[in-house]
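The next block holds one structure in the form of structure tokens; read it before the comments.
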2 protein chains.
Amino acid sequence: MNFIYNKIIKKIKPYIPGKQKNNFIKLNTNENPFSPSPKILNSILIKLNNNISLYPDYNLKKLKYIISKKYFIKKNQIFIGNGSDEVLAHIFFSILKNNFYTIFPDITYNFYLTYTKLYNIKYKILPLKKNFNIDINNYIKNKNSINNIILTNPNAPTGILLSLDKIEYIIKNNINSIIIIDEAYIDFGGESSIFLINKYSNLIIVKTFSKSRLLAGLRIGYVIANKKIIKILENIKNSFNSYPVNYISFISAIESIKDEKYFNIIRNKIIKNKLFLIKKLKKMNFKILKSNSNFIFVKHIKYKAFFLNKILKKKNILVRHFSYYKINNFLRISIGKKKDCKYLINTLNKLILKYD
Amino acid sequence: MNFIYNKIIKKIKPYIPGKQKNNFIKLNTNENPFSPSPKILNSILIKLNNNISLYPDYNLKKLKYIISKKYFIKKNQIFIGNGSDEVLAHIFFSILKNNFYTIFPDITYNFYLTYTKLYNIKYKILPLKKNFNIDINNYIKNKNSINNIILTNPNAPTGILLSLDKIEYIIKNNINSIIIIDEAYIDFGGESSIFLINKYSNLIIVKTFSKSRLLAGLRIGYVIANKKIIKILENIKNSFNSYPVNYISFISAIESIKDEKYFNIIRNKIIKNKLFLIKKLKKMNFKILKSNSNFIFVKHIKYKAFFLNKILKKKNILVRHFSYYKINNFLRISIGKKKDCKYLINTLNKLILKYD
């Protein structure tokens, strides 16, 4: 049978995630190298038996409540999904598939481009400046034009932060556009734009439990925005999958928000390890972009990134290399545990000794 | 700001799932009332600490392997998602959004209609026969016409099974159509059509871990079909959310398939409780459709379903009532534990004594 299916499928190029391999030091997918809070594990143990045979609460009320208290917002300003990727997919399908162009930097999270293709959304890609900063003039060129703007802040894979006043400047100059700020990495070195949602009804903040909250394996992402936007997302979710967040993820997310002490300890460890790694790599002639996230974007003055990537892999270290010509000489390195950082440095040191 | 969004959102009516309430006897959402296998819980305990900070395997290889062994199929004939609802949504978007009509019974899983609206898919609704059986002549009227056919087997909320030979008869007479058989409830009293996928490349089987496998709270659904169809679904999944199945669900699903003994014990308990409940309800003048699933569809010769539903709720028992005029005098009752069945019967007995 030669069956006929949605033609869009032939055209799309799926997003390619970083490799997952056992027995490797994984510094390639920006996860958190530490274990989640013992309080989360304990909470799972206690509740494991009762409720995994039953569907979870389809409103996720308790989780929305605890998030709302944390950020001084209302429950109806929160939408929760199966990882921030699902949440982004719903935003693209239900909100960005409008009459306007969706615009984003040439160097950013690759999935944005994938979503525009998946849902046949008009888009324009705007180049970063030569120093890899976002050129905010590109986003405010014409006060009368309307665009859907999506930015990761701090940006990935560069790690560079856009300051809060620059973000507000972009919003102010695009008062009729939808503005999405993807804050996956904000907790490692930036200030969230959440408080702006009560001032600007066109602002959508996307957040995740996968990075600073150590729960990548449990898939929880969420949106904070005006209640009208949240209503649309709830409608889509309820027409797609009534229960996208499973019971274990639901209770774990609640415990994670409750245990702020653990959250801060881990965040500080990552930041400390990052400073350590940066100091060492600089001594080895790496150039490093200013990073406000849990990864660094580095380039060696002599050795090609492609070569370093290949050799590190042989030594069981996974880092991320992108083929896009403007960044194909960079490596993105997620910040691991102290011992991972040390192993990486020792390995690189040996290589450089060997080839120098 | 009066922003412009995907117009389809205004038109869709989201699926409304059965209520989830604490301290109620939940016989309204066809879940399994028993706890999952202790081996699953044990496996979660052992693996909890290591891996929930990391993204799960995005190919879900081990789970595909164990499913493939169970059903004597190949790994590339399996697609796994975040519950069978997500899997169905991907099928509708990527496969049924073609040039043809998608056809399904007027009385079946309501989410099919929701998906056609969500993705703007042409559809036709075909009435069941007066006895609530599927009129298979409706599906083979014209040998030259092509349709996408979707059937739940056993059907919900009727519980009525379509025999394997009737299913094959429909497939044989629709060799150029896509045929989807949603087997959410098949384990409670029917034979799966899985072995037909090697004979018919146009057949798609949808399955779930939420009913007979007791893992509704963990959200795991899957598709068994020709590898070309699976390829399309993998493409969509990788363009939507690289990791739809979280780590805990992944390891739990593996353990569930491994522990066939426990699976059979629970299935037999449900079937036994169903026979018990049917016998008692018949004595109380309920008419009951022949059920091959883990729920029954019942109607009292005197009391209206709407009334019974309201009164049971007051007594902390949730069952499901649908407003569609052809079935608004029926209640769908999920099979609970023996004590739940007894409490239901006692409660109904008292009501009938009171009002008779």
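We name chains A, B, ... by the order of the sequence lines, and we start the count at 1 in each one. Note that the coordinates shown come from a computational prediction; the quantities given were computed from them, not determined experimentally.
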Q: Mind listing the closest non-hydrogen atom pair of B/N238 and A/P14 along with its distance?
A: CB-CB, 3.5 Å
Q: Check B/G217 against A/P56 and note the closest heavy-atom contact, atom names and distance.
A: CA-CD, 4.0 Å
Q: Select one option (side chain, backbone, both, neither) describing which atoms of A/F100 are under 4.5 Å from chain B's heavy atoms.
A: side chain
Q | Heavy-atom closest contact (B/Y243 atom, A/N82 atom, distance) | A | O-ND2, 4.4 Å
(Q) Just so I understand: if I count every heavy-atom pair under 4.5 Å between each of B/I248, B/T114, B/I40, B/L118 and chain A, which residue has the most? (A) B/L118
Q) Do you know which of B/N99, B/N59, B/D85 has the most heavy-atom pairs with chain A at a distance under 4.5 angstrom? A) B/D85
(Q) Is it the case that over 12 heavy atoms from other parts of the model lie below 6.0 angstrom from the NZ atom of B/K39? (A) no
Q: Select one option (side chain, backbone, both, neither) describing which atoms of B/S249 are under 4.5 Å from chain A's heavy atoms.
A: side chain
Q) Using non-hydrogen atoms only, which part of B/Y200 is less than 4.5 Å away from chain A: side chain, backbone, both, or neither? A) neither
**Q.** Aromatic contact, B/F92 with A/F240 (centres under 6.0 Å)
**A.** no
Q: Hey, could you give me the CG/OG distance between A/N32 and B/S53, rounded to the nearest 0.5 Å?
A: 6.0 Å
**Q.** A/N246/B/I220 under side-chain contact (heavy atoms from CB on, under 4.5 Å): CA gap, chis, key distance, verdict
**A.** CA-CA 9 Å; A/N246 75 88; B/I220 313 140; over 6 Å; no
Q: Find out whether A/L41 and B/I52 are in side-chain contact, i.e. whether some heavy atom of one side chain is under 4.5 Å from a heavy atom of the other.
A: yes
(Q) So for A/K211, is it side chain, backbone, both, or neither that comes closer than 4.5 Å to the heavy atoms of chain B? (A) side chain
**Q.** Donor-acceptor side-chain pairing of A/N241 and B/R219 below 3.5 angstrom
**A.** yes
Q: Test side-chain contact (heavy atoms from CB on, under 4.5 Å) on A/T29 and B/L54 and set out the steps.
A: CA-CA 9 Å; A/T29 47; B/L54 303 182; over 6 Å; no
Q) If you count heavy-atom pairs under 4.5 Å between each of A/S94, A/P38, A/S210 and chain B, which one has the most? A) A/S94
Q. For chain B, which of A/N148, A/N98, A/I236 has the most heavy-atom pairs under 4.5 Å?
A. A/N98
Q. Which heavy atom in A/S242 sits nearest to a heavy atom in B/F111, and how many Å separate them?
A. OG-CE1, 3.4 Å
Q. Of all of B/L88, B/L218, B/L215, which one pairs up most often with chain A through heavy atoms under 4.5 Å apart?
A. B/L218
Q | Pairs of heavy atoms under 4.5 Å with chain B: top-ranked of A/S252, A/P244, A/P33 | A | A/P244
Q: Can you measure from OH (B/Y15) to OG (A/S239) and round to the nearest 0.5 angstrom?
A: 12.0 Å
